[in-house]
Amino acid sequence: FSTDAIGNQFTSRHQFNSYNPGANPGYSELKEYNGKFYGMTQNGGSNDAGVIFEWDPSTNIYQNKYDFISLNGRNPRGSLTLNAGKFYGMTSSGGINDVGVIFEWDPTSNIYTKKNDLNASNGSNPHGKLTFHEGKFYGMTYAGGNNGTGVIFEWDPNINLYTKKIDLNSVNGNNPIGSLTVNEGKFYGITNKGGLTNYGVIFEWDPISNIYNKKIDFDWNNGRNSFGSLIFSDGKFYGMTRNGGINDRGVIFEWDPVLNICTGKQNFADNIGRFPTGNDLIKREGKFYGMTSGISQGIDPTVRGGGIFEWDPVSNVFTRMINLSDPTLGYLPFGNLTLKDSKFIGMTSSGGSNNSGVIFEWDPNTNIYSKKIDFNGNNGLNPSGALSLIGGKFYGVAKNGGWQSRGLIYEWDPSSDTIQNKIQLWAPSGGNPYGKLIISDNKFYGMTNSYGDAFGS
């Protein structure tokens with residue numbers, strides 16, 4: 001706060017809080033249940049390990065429901081799967097072996113249960129969601145298995161039995177970043193690497209016979225290095241790759257499973273959107289919709305921020321609908337769109353008021369984009385001690401908050417009335433500071449109350 005020289009004209013300048021915890025959702029989409037949407041973030045929350053959240057679109061109320069913590073799984077890179085009133089998912093890290101877990105979360109009781117600890121030999125570090133089929137869940141891991149390059153697995157929730165089914169390898173495809181698609185009793189998917197060109201493959205897997213068949217080797221023209229999943233429509237499969245094509249910015253491809261022909265249908269480019277990383281296509285009224293991620297914001301947000309597009313598979317007409325060029329409205333989407341009442345709901349991994357991503361709504365009929373929620377990531381709690389002035393700016397410490405809730409060092413510029421987190425403290429470097437920063441030779445010195453290399457000290 002600030003006052004005038006005699007202590008009057010009290011003005012609140014910055015409010016420390018923890019609203020909308022969670023940051024940087026990735027490889028994820030929102031899931032609707034009982035009129036509300038549920039999702040996960042990779043980072044943020046009290047442990048900087050991600051959160052499960054609930055968002056009510058009718059009231060625009062966001063609630064953090066669960067903070068991931070290392071032993072129970074952390075940093076999810078995928079979506080929730082709903083089955084019988086409960087959500088199931090995976091984390092990319094954490095658990096006993098720090099390579100991920102399978103979990104169950106009950107939205108009614110808000111009880112989170114770790115069901116299975118992944119390990120290096122049976123599959124580790126999943127980057128996708130679980131697929132439910134005939135009473136069991138199926139999924140893929142990015143790493144682990146006999147070759148260290150990922151597996152296909154089956155998990156029976158009734159008896160909590162995890163079974164590795166296929167060891168992926170460099171010849172038949174490896175390191176998948178996506179999810180399985182089931183069609184007529186068989187599973188189909190894409191790998192990010194492997195195959196003849198090491199650009200990834202399209203594969204078919206029969207869970208009954210446990211026979212895996214590589215169907216297509218990506219070859220640059222039809223795309224390379226997919227970060228997504230297949231969608232089945234009118235007898236053919238469609239998907240996207242992050243790279244490849246004429247401009248090496250990714251492609252939309254069509255695969256005919258009968259003829260086993262894969263065709264690059266649309267080449268992404270700088271001026272229409274590029275790098276559809278982690279994004280799947282979604283179909284509405286005969287057309288496909290998706291998002292491009294662009295790359296980090298940099299100095300050219302018009303090109304680099306990503307966007308929303310529409311593609312007509314019949315006419316092969318591609319239209320860039322929304323350009324995510326305003327950082328305050330969100331940019332760099334790393335997930336999928338969800339259709340609700342003729343509108344699309346999605347998330348970005350960056351941008352927004354706190355540069356931690358946003359939830360947005362987009363109406364394809366009016367082409368109106370609306371930011372609904374700013375993720376916060378936790379911006380500091382419980383400031384401790386006095387402010388220190390240097391170079392016309394004030395510096396201080398917050399005891400709690402930040403991505404690991406270990407506190408932070410912040411800077412406040414009174415001329416612009418802006419506050420910035422300068423250093424987010426974490427366990428090895430010391431946390432939970434009390435007191436004032438001391439200035440000496442234009443450097444700051446201070447102490448933390450706990451943590452450090454000898455954790456808890």
Side-chain angles (χ1 to χ4, degrees), residues 21-28 38-53 64-81 83 86-107 109-132 136-168 174-180 278 403-406 426-428 451 455-456:
N24 316 123
Y27 307 101
S28 186
Y38 296 85
M40 300 187 288
T41 67
Q42 292 185 75
N43 302 314
S46 60
N47 306 300
D48 190 28
V51 307
I52 299 174
F53 65 85
N64 176 21
K65 304 299 288 186
Y66 177 76
D67 288 284
F68 287 101
I69 189 169
S70 186
L71 187 61
N72 285 334
R74 62 183 175 89
N75 308 119
R77 296 183 177 181
S79 304
L80 296 164
T81 299
N83 181 56
K86 296 182 181 180
F87 285 103
Y88 297 84
M90 301 180 286
T91 67
S92 66
S93 304
I96 292 175
N97 305 300
D98 199 23
V99 294
V101 309
I102 297 173
F103 67 84
E104 173 191 272
W105 176 65
D106 187 330
S109 64
N110 198 27
I111 293 176
Y112 175 100
T113 307
K114 180 177 69 172
K115 305 298 288 186
N116 190 278
D117 283 285
L118 302 178
N119 60 61
S121 62
N122 286 331
S124 58
N125 310 117
H127 289 52
K129 67 180 179 180
L130 295 165
T131 300
F132 187 74
K136 297 179 182 180
F137 289 96
Y138 297 85
M140 300 185 288
T141 68
Y142 179 81
N146 291 347
N147 306 302
T149 55
V151 309
I152 299 173
F153 67 84
E154 172 190 273
W155 176 61
D156 188 332
N158 298 306
I159 57 177
N160 197 22
L161 178 64
Y162 176 101
T163 306
K164 180 178 69 173
K165 306 298 288 186
I166 295 291
D167 283 288
L168 300 173
N174 56 272
N175 301 119
I177 302 177
S179 307
L180 293 165
W403 283 352
Q404 287 197 348
S405 196
R406 307 293 191 238
W426 65 306
Y451 298 99
F455 282 9

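Here the structure is a predicted model, which is why all the values come from computation and not from measurement.
For the pair Ser28 (side chain) and Gly78 (backbone), a donor-acceptor distance under 3.5 Å is present. With Tyr112 contributing its side chain and Asn72 its backbone, the two residues share a donor-acceptor pair below 3.5 Å. In terms of modelled atom types and a separation under 3.5 Å, the side chain of Tyr88 and the main chain of Pro157 share no donor-acceptor contact. Looking only at distances, no side-chain donor or acceptor of Ser93 sits under 3.5 Å from a matching main-chain atom of Asn75. Using modelled atom types, one side-chain atom of Asn175 and one backbone atom of Tyr142 make a donor-acceptor pair closer than 3.5 Å. In this structure, Ser179 contributes its side chain and Gly128 its backbone to no donor-acceptor pair below 3.5 Å. Side-chain atoms of Asn110 come within 3.5 Å of backbone atoms of Lys65 as a donor-acceptor pair (strictly under, hydrogens ignored). Side chain of Asn160 to backbone of Lys115: a donor-acceptor contact under 3.5 angstrom is found. In this structure a side-chain-to-backbone donor-acceptor pair under 3.5 Å is present from Thr131 to Leu180.
A distance of 12.5 Å separates CG in Asn83 from CG in Leu80, rounded to the nearest 0.5 Å. Taken to the nearest 0.5 Å, the OG1 atom of Thr113 stands 12.0 Å off from the CH2 atom of Trp105. If you take CD1 on Ile152 and CG on Leu168, they are separated by 5.0 Å, rounding to the nearest 0.5 Å. Note that OG1 of Thr141 and CD1 of Ile177 are 11.5 Å apart. Values are rounded to the nearest 0.5 Å. Note that the CZ atom of Phe68 and the CG atom of Leu71 stand 13.5 Å from one another [nearest 0.5 Å].
Between Ser121 and Asn119, the shortest heavy-atom distance links the atoms OG-OD1, 2.8 Å. Scanning both residues, Pro76 and Met90, for their nearest heavy atoms gives CB-O, 3.6 Å. Taking every heavy atom of both residues into account, His127 and Tyr27 meet most closely at CD2-CE1, 4.4 Å. Taking both residues in full, the closest heavy atoms of Met40 and Pro25 are given as O-CB, 3.6 Å, listed atom of the first, atom of the second, then distance. Taking every heavy atom of both residues into account, Met140 and Pro126 meet most closely at O-CB, 3.6 Å.
Not counting sequence neighbours, the partners of Asp117 by the side-chain contact (heavy atoms from CB on, under 4.5 Å) test are Ile96, Asn97, Val101, Lys114.
Judged as a salt bridge (charged side-chain N to carboxylate O under 4.0 Å, His left out), the pairs with a partner in residues 144-159 (not counting sequence neighbours) are, in order, Lys136-Glu154.
With contacts defined as side-chain heavy-atom distances shorter than 4.5 Å, the pair Asp98/Arg74 qualifies.
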Inset, instruction - Walk me through it: do Thr41 and Asn24 pass the test side chain to side chain contact (heavy atoms under 4.5 Å, CB included)? - result: CA-CA 6 Å; Thr41 67; Asn24 316 123; over 6 Å; no

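Counting heavy-atom neighbours within 6.0 Å of Lys86 NZ, excluding the residue itself, gives a total of 12 or less.
Residues Tyr66 and Phe103 keep their aromatic ring centres 6.0 Å or farther apart.
With respect to Asp167, the side chain to side chain donor-acceptor pair (under 3.5 Å) criterion is satisfied by exactly one of Asn146, Asn174, Thr149: Asn146.
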